[in-house]
Amino acid sequence: AAYVWPIRIVVIQGVACGGPTIGVDVGNQEIIRFDCHDTRGHWHSGGYDSNQPGNSQNTMPGGVVTTADQVEWSLKTIREDVCKLLTEANHDEAAQKVTPMFLDFALESIKTHLDQIGDMRTKLIADKLIAA
């Protein structure tokens, strides 16, 4: 299953930050997650482990710094590499079940949902609920 949290607030090194989170679950277990939190943005691969999230954390590629760019890169990465990422996370069976048509529909639905909700991150910064 592909999912989106339009805003996810986390505390990193004592600072509340946040932004959209996009991920892929297998059997209700989070396997891949993209935290599009602007300069603090990162992503998790290899079978995200909620008990030790740092073990799976990757930096965003160079030049992918803004939340909007991170969302676009995340959706593109899922579209192009989800089977490879699932296989790397020891979920071969799930990788074989990915249907490109359904995947495209899910990712377009996520994009549409985020577009409809708008930039919640900026609002939370203005309301001083998270840091810029």
Side-chain angles (χ1 to χ4, degrees):
Y3 68 87
V4 63
W5 299 341
I7 191 74
R8 180 169 179 263
I9 300 173
V10 296
V11 177
I12 299 174
Q13 297 175 344
V15 177
C17 63
T21 290
I22 301 166
V24 176
D25 284 0
V26 174
N28 293 323
Q29 180 184 7
E30 194 169 56
I31 303 302
I32 306 163
R33 191 176 84 211
F34 299 86
D35 294 317
C36 305
H37 300 168
D38 203 66
T39 57
R40 293 179 178 90
H42 57 275
W43 66 288
H44 300 269
S45 64
Y48 176 76
D49 179 351
S50 59
N51 295 323
Q52 304 234 337
N55 291 342
S56 65
Q57 189 167 312
N58 305 284
T59 57
M60 292 287 181
V64 181
V65 178
T66 68
T67 299
D69 287 346
Q70 291 170 358
V71 167
E72 283 302 315
W73 180 82
S74 300
L75 294 172
K76 180 178 183 243
T77 299
I78 293 170
R79 181 172 280 117
E80 294 176 358
D81 297 329
V82 71
C83 293
K84 178 184 81 150
L85 291 168
L86 287 170
T87 297
E88 288 173 0
N90 297 316
H91 286 279
D92 297 334
E93 186 177 339
Q96 293 172 11
K97 291 181 179 180
V98 172
T99 304
M101 180 180 73
F102 291 140
L103 179 62
D104 285 343
F105 178 77
L107 296 177
E108 285 304 315
S109 295
I110 287 171
K111 185 167 179 7
T112 298
H113 184 65
L114 288 173
D115 289 345
Q116 289 173 342
I117 287 183
D119 184 1
M120 293 180 70
R121 184 175 186 281
T122 298
K123 180 179 179 348
L124 291 179
I125 292 169
D127 291 344
K128 298 185 184 335
L129 295 171
I130 62 172

_If the condition is side-chain contact (heavy atoms from CB on, under 4.5 Å), which residues does Ala106 pass it with, not counting sequence neighbours?_
Ala2

*Do Trp43 and Val64 come within less than 4.5 Å of each other through their side chains, counting heavy atoms only?*
no

*Between Pro6 and Leu114, what is the shortest heavy-atom contact and its length?*
CA-CD2, 3.8 Å

*Could you tell me the separation between the CG atom of Leu103 and the NZ atom of Lys97, rounded to the nearest 0.5 Å?*
15.5 Å

*Out of curiosity, Lys111 NZ to Ser74 OG, how far, rounded to the nearest 0.5 Å?*
12.0 Å

_Is there a path of hydrophobic side-chain contacts, each under 4.5 Å between heavy atoms, that joins Trp5 and Val71?_
no

*Kindly give the heavy-atom pair with the smallest separation between Tyr3 and Ile32, and that separation in Å.*
OH-O, 4.4 Å

*Roughly how far apart are Arg40 CZ and Thr67 OG1, rounded to 0.5 Å?*
11.0 Å

*asked:* Is the shortest side-chain heavy-atom distance between Asp25 and Glu30 below 4.5 Å?
replied: yes

*Between Asp35 and Gln70, which heavy-atom pair has the shortest distance, and what is it?*
O-OE1, 4.1 Å

_Same apolar cluster (I L V M F W Y, side chains within < 4.5 Å links), Val4/Trp73_ = yes

*Derivation and outcome, side-chain contact (heavy atoms from CB on, under 4.5 Å), residues Ile78 and Ile110*: CA-CA 12 Å; Ile78 293 170; Ile110 287 171; over 6 Å; no

*Using a 4.5 Å cut-off on heavy atoms from C-beta on, say whether the side chain of His37 contacts that of Thr21.*
yes

*Among residues two or more places apart or on two chains, list those pairs meeting ring pair (Phe, Tyr, Trp, His ring centres under 6.0 Å) that have a residue in residues 76-115.*
none

_Applying salt bridge (Lys or Arg N to Asp or Glu O under 4.0 Å) to Lys123 and Asp119, what does each step give before you reach the verdict?_
CA-CA 7 Å; Lys123 180 179 179 348; Asp119 184 1; over 6 Å; no

*What closest approach, in Å, do Ile12 and His42 show between heavy atoms, and which atom pair accounts for it?*
CD1-CE1, 4.1 Å

*asked:* A side-chain contact here means heavy atoms from C-beta on lying under 4.5 Å apart; do Val26 and Leu86 qualify?
replied: yes

*Tell me, do Met60 and Asp69 make a side-chain contact under 4.5 Å, heavy atoms counted?*
no

_Val15 versus Ala131, closest heavy-atom pair with distance_ = CG1-CB, 3.5 Å

*asked:* Under 4.5 Å side-chain heavy-atom separation, chaining through any Ile, Leu, Val, Met, Phe, Trp or Tyr, what else clusters with Ile117? Say none if it is isolated.
replied: Ile7, Ile9, Met120, Leu124, Ile125, Leu129, Ile130

